[in-house]
Chemist: 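One structure is given below, represented as structure tokens, and several questions about it will come after.
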Amino acid sequence: IAWGDPLFTDAPAFNHATLTPEIQRRQFGYNCDFLAYFPLPSNPFVSSYSTRFADPNRGLLAVNHEYTIGALMFAGYDRDNPTLNEVDVEIAAHGMSVVGIYRTASGWRYSRSSNFNRRIHGETEMHITGPAAGDALLQVSHDSTGTRVRGMLNNCGGGKTPWGTVLTCEENFHQYFGNRSALAADSDTAVSHARYGLPGGESGRKWERFHRRFDVGREPNEAFRFGYVVEIDPYDPGFTPRKRTALGRFRHEAAVPTISRGGQIVVYTGDDARFEYVYKFVTDGAFDYYNRANNTDLLDAGTLFVAKFNDDGAGEWIPLTPGHGALSGWTAAEIAVKTRQAADMVGATPMDRPEDIEVNPVNGRVYVALTNNTRRTAEQVDAANPRARNSFGHILEIVESNDNHAGDSFDWEIFMLCGDPSDVEAGTYFAGFDASAVSPISNPDNLLFDSVGNLWIATDGQPRTLSGNDGIYACPTYGGDRGYVRQFLSGVTGSEIASLEMTPNDGALFASIQHPGEGSSMSDPSSHWPDFNLNPPRPGVVAVVKAGRGGGYIGS
Ligand code: FEO
Ligand code: CA
Ligand code: CA
Ligand code: CA
């Protein structure tokens, strides 16, 4: 499935020349990112949310649409003068698609007629929940309650909850809000917006020319309503998405839940920018295995922690607790909205761009992808971010103390220092494995574990660092092959592999091919994938199965 494919039986086929926002809202969005597979039961009379009777040959795919590239969407696009139609198509091309998929003899296909198919976009109504809901910080002229917001933007990575919902993460939301400099520079609002990187002048996409909510000078608080983890139920096409403010506001890359020994849900999440932090959220309540409805508000109450990596291999999870210590003057709502500033106060460790985080299903260890940070100087190097001008990135491995994901201490070590092992200056490391036997790899971004604990890694940035396309790699995490990373597939010119996912039986792998042809334009595209005709390149999701009769699990 690729950008513009119709998601409903009455939706028009892709035609970039006649796109309107109404059409785009009925078609697959742009720049697919996070992928989450959800099983469907083989018996249609069993409740949809039931993995016990899962049909191995059909399910749902929830797909983020992170952002848009006007130059590859519209003929004659002028980035200095976008039209209203172009802007509104772009807003409609953001968000998420939920789409039914099924396996055929020749591979996986999407269904245009599944009752679950849905488009969520930049104008979809959402609820704001948790400690910041209703706070004055979140009130704007079009929502005096501070509890309802139009749309989600720049949804990059995500995660799946044990109760079968998807967590989708607003990452680079700051790009969409222009004219910060219209505010008094020393006002609390302007200081916070500057800490989050909102542009002083016009935004790159210039939506604020057409929609006042994107103009910080006119709606100073609207940007406080973006930058959250959003929960969506893919089994309920009428579900109103919820922005869960308890998990904090920053450039969330992903949000990956696990269940602690005590039954609490622990969500690991990183802030993907240079020198930003790694966080985890621990719910107050416990997961209810037996009654799905009891988990509906679980993510609205709990404690947000930020990580401090000590040079001796130990680490601390520092709670961002309102009214305590360095945060004595802070309310819970302020911590939820101005999370970066709260974390600045407590001594968290600035990292080399925390991207995805995953929990190993075999040994419970936690893996953090740090994609790069070329601005770290020699003076800023520490044990957890050991390279100056880190262009290749690395992966950390965290062991929670007493295997307790809800606790406040951990041990950590470097699992992988990426790069080309033949590049001696790069100083690569692959968990102790013989570096001469591994595939060169750089810029780890999205992570996935298969059911036997192999770490699968998708990359973002290799054309700039290893002069090859981005790809997907697999790496055992225990036993004699620990650290033996090998390339599994290669992406498309100009693309990153933004996400990867497998079916529960490891029988199929799905990969998001994001921004094929990046850096070129409609008139001279550097890629014609996947149509290889006069269409522009289209971001899309591919499915990989093992060739031959009977297939087999991915990696076998
Ligand atoms: Fe959208 Fe952090 O990659
Ligand atoms: Ca990413
Ligand atoms: Ca992941
Ligand atoms: Ca990335």
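Start at 1 and go down the list; that is how both ligands and their atoms are numbered. Since we're looking at a predicted model, the values are computed, not measured.
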Chemist: Over 60° means perpendicular and under 30° means parallel, so classify the ring planes of F177 and F214, tilted if in between.
Modeler: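 Taking F177 first and then F214, their aromatic rings sit tilted (interplane angle of 30° to 60°).
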Chemist: Taking the six-membered ring of Y484, is NZ or CZ of R486 closer than 6.0 Å to its centre and within 45° of its axis?
Modeler: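 Yes - R486 lies over the ring of Y484, closer than 6.0 Å to its centre and within 45° of its axis.
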Chemist: Taking R180 for the side chain and L198 for the main chain, is one N or O donor matched with an acceptor at less than 3.5 Å?
Modeler: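 Flag set: sc R180 to bb L198 pair under 3.5 Å.
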Chemist: Using the six-membered ring wherever Trp is involved, compare the ring planes of W207 and Y176 and label them parallel, tilted or perpendicular (cut-offs 30° and 60°).
Modeler: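 Tilted.
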Chemist: List nothing but the number: protein N/O/S atoms under 3.0 Å from the Ca ion (ligand 4).
Modeler: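 Every protein N, O or S atom under 3.0 Å from the Ca ion (ligand 4) counted, the figure is 3.
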Chemist: Compute both the distance and the angle, then confirm whether K160 meets the cation-pi test with F34: under 6.0 Å from the six-membered ring centre, within 45 degrees of the axis.
Modeler: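 Here K160 fails the 6.0 Å and 45° test against F34.
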Chemist: Quick check on ring pair (Phe, Tyr, Trp, His ring centres under 6.0 Å): which of F305, F410, F309 does W317 satisfy it with?
Modeler: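 That would be F410.
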Chemist: Any idea how H16 and F14 line up, ring-wise: parallel (<30°), tilted (30 to 60°), or perpendicular (>60°)?
Modeler: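 It falls in the tilted class, 30° to 60°.
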Chemist: With 2.8 Å as the limit, jot down which protein N, O or S atoms are around atom 1 (Fe) of ligand 1.
Modeler: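 Near atom 1 (Fe) of ligand 1, the protein supplies E66 OE2, C156 SG, E171 OE1.
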Chemist: Does the cation-pi check pass for R340 over Y196, that is, NZ or CZ under 6.0 Å from the six-membered ring centre and within 45° of its axis?
Modeler: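 Yes, a cation-pi geometry.
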Chemist: Can you establish whether the number of heavy atoms outside R79 located under 6.0 Å from its atom CZ is more than 12?
Modeler: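 Atom CZ in R79 is not crowded, with 12 or fewer foreign heavy atoms closer than 6.0 Å.
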